[in-house]
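Contents: one structure, followed by commentary.
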Number of protein chains: 2
Amino acid sequence: MEEDTSNINITIETIPTISVDCVIFGYDANELKVLVRRETVPFEDKVFLEWKFPGNHVRRDEDIDATASRILKEQTGLENIFAKQFMVFSDPNRLKRRKQDYEWVKPRLNDDRVITVGFYSLVNLSDVDNSTIIEDAKWANAYESMILMFDHSEIFDEALKKLRYDLLHEPLVFELLPEKFTLTQMQKLYEVIFNTTYDKRNYRRKVNKMAYLIPLDEIQTGVSHKPARLYSFDREIYEKTRTERFDFRM
Amino acid sequence: MEEDTSNINITIETIPTISVDCVIFGYDANELKVLVRRETVPFEDKVFLEWKFPGNHVRRDEDIDATASRILKEQTGLENIFAKQFMVFSDPNRLKRRKQDYEWVKPRLNDDRVITVGFYSLVNLSDVDNSTIIEDAKWANAYESMILMFDHSEIFDEALKKLRYDLLHEPLVFELLPEKFTLTQMQKLYEVIFNTTYDKRNYRRKVNKMAYLIPLDEIQTGVSHKPARLYSFDREIYEKTRTERFDFRM
DNA sequence: GATTTAAAGTGTCATAATAACAATATGTTT
DNA sequence: AAACATATTGTTATTATGACACTTTAAATC
């Protein structure tokens, strides 16, 4: 009877063949981070530990964007954060490919195939209270490669590729920055994400043309040197003045 | 018994909750076209006619790219043509939204929800023998809006948006052009897709910088005026010399 | 309160890219 | 040979870019 209930639950509440995985990017201390969670897979007399991106099945009456929001809420405690689907992963053999590496995969080779919609998400880590992050998750440096479960390494690569692509055409940096930020913080963020450096003067000349980047009458506090001016992003001005042709590359 | 077989077929051969829809773009006679097919929906004593993009369910052992290839082969007779997934459509209410418009939708409101992966595809129409296009399909002008089934209007809008986006960053025009083409043909194609015009001299100065655009020792034939030089696209040179930063905008 | 420290903030020049603009060349048709 | 239709080509003014180094400012230290 318990098995019955569980089956009914899966059939009615979720769509077992479709899941959403979220690559959640954060930026802190000049590092691009990504949220991974530990998965424990009990198999025979052992327990296997694996890292993966947070994910979940799509519920029956839920748009996939809602699935992504739900995952983000559950994992970080945050709502209304930026998330965007970037690719569908549908390799029917994703389990098989790791057959040789992981014993526990073997008995699951005949499981139903799952198609995954990858989302990437951007959060400003200064907003994130670490107590709201679920226990088995951690912010890992995005560039320190770790072994991930299933096809999650591929999902990460595609997410980063898409993030970079989109950053050149939309003002997405502001999702990763605090409400008020300095131009140096913004420049560093670009430099970390694109793994490059820019000339400070040229960078400032460029961003000064962005009408939606608002200099505030406030300066940085708590630094032991000349404090920098703070800026904020004005979404309204951006929406009004955006043109298809503008781009954010240096 | 027939019903049984059909059910088994759906369950075993395909994943009923996941489908692929293809927006197939073609270019001919200075027009951007898109392949639509007529669907007949018998309901009670009537038959409803609807237009939609070719689509199909994903088979159980098939990567979604393979599903897209299969659809393209079936509808156009062509193989190895460019196709790229661009977005997942998952609105659980897509049938409900048309409840008021179409009687035949009503009894299907409780059908299982289908999540659709949208692909766009590019074909060079001079290669397409019209006899290989299936009977119920036609090439429609992409800009003459027509009423499409389900959420296919939204799918088209997103496909065109993504096509334009990608065209600025990858040499996709060549997928829509014949093997050998003139610079004017290439310019016109851009102009049609981006709904704009360019100055011929400036356009040529720009494309002359593309090392992978090869001037041939051949000229146009069959025109009643000065024939233009033919060019071809060299994929190898492109792959070797591509940089992330180059872009195709004017 | 003078000095040190650390990052903020700022300008020039040479080169490259862009936008606006029109006349000549070359095949085909009549 | 003239008319036609499109191909092909160059200049100039403006704007964008890339390379490059010194001065300013607040806090911390002596």
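Computed from heavy atoms alone, side chains included, the values below leave out hydrogens, waters and symmetry copies. Letters A, B, ... are given to chains in the order of the sequence lines, protein chains preceding strands, and every chain is numbered from 1.
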Between the protein and nucleotides 8-12 of chain D, list the N/O to N/O atom pairs that are separated by less than 3.5 angstrom.
{"unit_1": "dT8(D)", "atom_1": "OP1", "unit_2": "Arg229(B)", "atom_2": "N", "d": "2.9"}
{"unit_1": "dT8(D)", "atom_1": "OP2", "unit_2": "Arg204(B)", "atom_2": "NH1", "d": "3.1"}
{"unit_1": "dT8(D)", "atom_1": "OP2", "unit_2": "Arg204(B)", "atom_2": "NH2", "d": "3.4"}

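- Counting to the nearest Å, the C1' atom of dA16(D) and the CE atom of Met210(A) are 14 Å from each other.
- In this structure, the CD atom of Gln220(A) is 15 Å from the P atom of dA6(C), given to the nearest Å.
- A straight line from OH of Tyr203(B) to C1' of dA17(C) spans 17 Å, rounded to a whole angstrom.
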| Taking it one step at a time, do Phe82(A) and Phe119(A) satisfy ring-ring contact (aromatic ring centres under 6.0 Å, His included)? | CA-CA 10 Å; Phe82(A) 178 89; Phe119(A) 275 70; 10.0 Å; no
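- Between the CE atom of Met186(A) and the C1' atom of dG9(C) there is a distance of 17 Å, given to the nearest Å.
- With hydrogens and angles left out, the side-chain atoms of Tyr120(B) and Asp166(B) include a donor and acceptor closer than 3.5 Å.
- Side-chain polar atoms of Asn208(A) and Arg205(A) form no donor-acceptor pair below 3.5 angstrom.
- In this structure, Ile219(A) atom CD1 and dA26(D) atom P are separated by 7 Å, rounded to whole Å.
- Note that CD1 of Ile134(A) is 9.5 Å distant from OG1 of Thr76(A), once rounded to the nearest 0.5 Å.
- Remark: aromatic rings of Phe233(A) and Tyr212(A) are close, center separation under 6.0 Å.
- We find that CD of Gln185(B) is positioned 13 Å from P of dT6(D), with the value rounded to whole Å.
- Using cut-offs of 30° and 60° on the angle between ring planes, the pair His169(A) and Tyr165(A) is tilted.
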